[in-house]
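Written out below as structure tokens is the structure these notes cover.
This is a predicted model, so every value here is computed, not measured. Chain letters run A, B, ... following the sequence lines, proteins first, then strands; residues in each count from 1. Values below: all heavy atoms of this structure, side chains included; hydrogens, waters and symmetry mates excluded.
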Protein chains: 2
Amino acid sequence: MAQAIRLRQASSPLKASCHQCSLSNLCLPLAIEENDLDSLEDIVQQGRIFNRGEHIFDQSTPFRSCFAVRSGSVKTSIITEGGEEQVTGFFMPGELIGLDSMSSDSYACTAKALERTSVCEFPVEKLEELTGKLPDLQHHMYHLMSQEIQNSHQLAMLLSKNTAEERIAALLLSLSSRFQRRRMSGTNFSLPMARNDIANFLGLAVETVSRVFTRFQNQGIIKARGREVELLDVEALQMVTREFSRQGSQ
Amino acid sequence: MAQAIRLRQASSPLKASCHQCSLSNLCLPLAIEENDLDSLEDIVQQGRIFNRGEHIFDQSTPFRSCFAVRSGSVKTSIITEGGEEQVTGFFMPGELIGLDSMSSDSYACTAKALERTSVCEFPVEKLEELTGKLPDLQHHMYHLMSQEIQNSHQLAMLLSKNTAEERIAALLLSLSSRFQRRRMSGTNFSLPMARNDIANFLGLAVETVSRVFTRFQNQGIIKARGREVELLDVEALQMVTREFSRQGSQ
DNA sequence: CGCCGTTTTGAGTGCGCTCAATGTTCGTGG
DNA sequence: CCACGAACATTGAGCGCACTCAAAACGGCG
């Protein structure tokens with residue numbers, strides 16, 4: 001069924017729309033010459049839709065494609081032998097999923113839509129073939145993968161050295177800047193993920209996340225009701241994230 | 001001075017030695033056809049030596065090259081604004097350093113030799129050029145970077161969910177398998193890094209690392225005197241790392 | 001309305017941190 | 001060759017942050 005949809009869209013006028021995509025300054029087209037965009041569009045399968053909770057791909061199934069988020073949001077997680085889940089990332093529109101799977105024949109994690117989500121699919125074989133021909137695209141892939149390593153190192157750092165408040169402040173600021181990049185409000189947004197996912201991602205208990213949210217609220221730093229969040233004092237949040245480094249340097 | 005050495009070696013018989021390198025099954029040559037090895041050797045600068053404590057590159061200096069460890073070992077770390085250090089990885093012979101810097105113009109971390117260390121240097125411009133021509137090499141680069149992302153995710157997982165004992169057991173087993181890969185003893189080796197580095201890497205206090213080492217020793221799982229380590233009961237160590245998942249699944 | 005999943009709030013405990021002191025290893029110079 | 005100091009490692013005592021366990025409040029949906 002998904003195939004049928006894909007085929008129909010591949011031959012529809014929708015196909016060649018990286019040109020008009022509002023995310024082309026974040027996504028793969030970023031580094032590409034105008035006239036090379038067509039070759040990228042030839043390999044991409046656009047506009048696949050997933051409902052909340054649906055899996056875009058599953059850990060340990062054959063690795064075929066990377067996916068760029070067009071709208072909505074995605075959570076990636078690893079399931080351990082013991083059945084425990086570890087959330088490895090949240091992906092917003094313009095961001096590329098699946099880079100951690102390029103070292104094996106099967107997906108290294110599971111990607112699940114947090115809300116109604118549209119993605120573009122890049123079959124990895126064709127993508128590799130294309131990056132071999134377009135040095136700028138290859139460079140961009142290296143760039144993205146390297147960025148992913150850095151992000152993960154940042155996360156490891158957050159997890160190993162920072163308090164619950166610092167971790168949550170950092171996440172809120174990260175989300176804020178990612179919303180802003182899309183020309184959306186950086187101070188007033190709706191969290192796509194549940195408290196549980198935040199807790200898992202940040203290595204905390206759900207209860208701790210909840211407590212920190214209310215603490216921030218009592219301090220007048222944020223206003224939160226459910227998933228609706230308003231950052232009232234961004235500077236204060238930044239202070240929180242740097243609190244640790246301050247103590248360390250004194 | 002380093003340049004002079006490099007130049008001399010580049011024109012010496014030492015130059016073309018990826019062929020004979022005992023690590024070629026771990027390093028970049030891995031995925032390359034025999035006759036393509038020459039092009040790789042054309043760009044690599046082999047045999048640069050660093051003494052214990054010397055920096056191979058420094059965070060925030062211009063990013064020029066990736067480095068493969070030939071012998072010895074390397075520690076990479078990030079220095080935060082506050083001056084705090086976060087160890088992001090340990091690199092053993094055959095492993096590639098600098099992949100996390102390919103998204104920017106400057107190194108994302110500092111690489112320091114933990115002992116007398118020899119590295120091969122791959123200027124990134126030439127490397128990118130070459131991977132554009134050799135699909136297998138490009139694939140291998142994707143593979144390595146993806147692996148690096150996965151490693152970092154593993155680390156994040158360890159840091160967010162596991163106890164001190166589990167983290168240290170995991171590190172010991174990781175080192176063990178990496179020694180074994182080089183046909184060295186997997187049960188009897190010498191730690192290249194100080195307790196301090198282990199603690200920092202694993203998000204623990206030095207004292208905790210020390211305590212866990214003695215605890216393991218009292219349990220007869222390992223024998224440790226200073227940096228000399230002997231794994232007496234590998235299965236027990238594996239049990240420790242899985243302990244968490246077990247509880248989770250029950 | 002009543003149910004279920006999610007979020008919040010409360011009470012008590014424990015792991016790993018901090019602070020402090022002692023022990024060990026190693027390089028350096030007397 | 002040994003004495004000395006600096007860096008590294010170990011051990012102990014006490015404390016605090018975040019976890020666990022438990023229960024109540026909220027919100028969405030049939």
Exercise for the section: Would you mind reading off the distance between B:Asp197 atom CG and D:dA7 atom P, rounded to a whole angstrom? Expected result: 15 Å
Handout entry: Degree of bending in the helix from C:dC1-D:dG30 to C:dG30-D:dC1 once both end axes are built from five pairs, to 10°
Key = 30°
Handout entry: Pairwise side-chain contact, A:Arg70 with A:Pro93, heavy-atom cut-off 4.5 Å (strictly under)
Key = no
Practice task
State, with a plain yes or no, whether a side-chain heavy atom of A:Arg48 is found less than 4.5 Å away from one of A:Ile56.
Solution key: no
Handout entry: B:Phe213 six-ring face occupied by B:Arg195 cation (under 6.0 Å, within 45°)
Key = yes
Handout entry: Inter-residue atom distance A:Asp197.CG - A:Glu85.CD, 0.5 Å rounding
Key = 6.5 Å
Practice task
Measure from CD1 on A:Ile168 to C1' on C:dT7 and round the result to the nearest Å.
Solution key: 13 Å
Fill in the blank from the handout: Atom CZ of A:Arg227 and atom C1' of C:dT8 are separated, to the nearest Å, by 15 Å
Completion exercise
Separation of D:dC8 atom C1' from B:Phe213 atom CZ, nearest Å, is 14 Å
Handout entry: Atom-pair distance (CG on A:Asn196; P on C:dT8), nearest Å
Key = 12 Å
Exercise for the section: Please report, rounded to the nearest Å, how far the C1' atom of D:dT11 is from the CD atom of B:Gln217. Expected result: 14 Å
Exercise for the section: Give a yes/no answer on whether the side chain of A:Thr214 brings an N or O atom under 4.0 Å of OP1 or OP2 in C:dT9. Expected result: yes
Every protein N/O within reach of nucleotides 17-23 of chain D N/O, cut-off under 3.5 Å:
from	atom 1	to	atom 2	distance (Å)
D:dA18	OP1	A:Ala164	N	2.7
D:dC19	OP1	A:Gly203	O	3.4
D:dC19	OP1	A:Ala205	N	3.1
D:dC19	OP2	A:Ala205	N	3.1
D:dC19	OP2	A:Thr208	OG1	2.2
D:dT20	O4	A:Arg211	NH2	3.2
D:dC21	N4	A:Glu207	OE2	3.0

Problem - Within 6.0 Å of CZ in B:Arg215, more than 12 heavy atoms from elsewhere - result: yes
Exercise for the section: Given ring pair (Phe, Tyr, Trp, His ring centres under 6.0 Å), test A:Phe91 with A:Phe67 step by step and report yes or no. Expected result: CA-CA 10 Å; A:Phe91 293 81; A:Phe67 295 84; over 10 Å; no
Problem - Over 12 non-hydrogen atoms of neighbours within 6.0 angstrom of CZ in A:Arg52 - result: no
Fill in the blank from the handout: Taken to the nearest whole Å, CD/B:Glu228 to P/D:dA9 is 13 Å
Practice task
Round to a whole Å and report the spacing from CZ of A:Arg195 to P of D:dC26.
Solution key: 15 Å
Handout entry: Any donor-acceptor pair under 3.5 Å from B:Thr110 side chain to B:Asp58 backbone
Key = no
Handout entry: B:Tyr107 and B:Phe63 aromatic ring geometry - parallel, tilted or perpendicular at 30°/60° bounds
Key = perpendicular
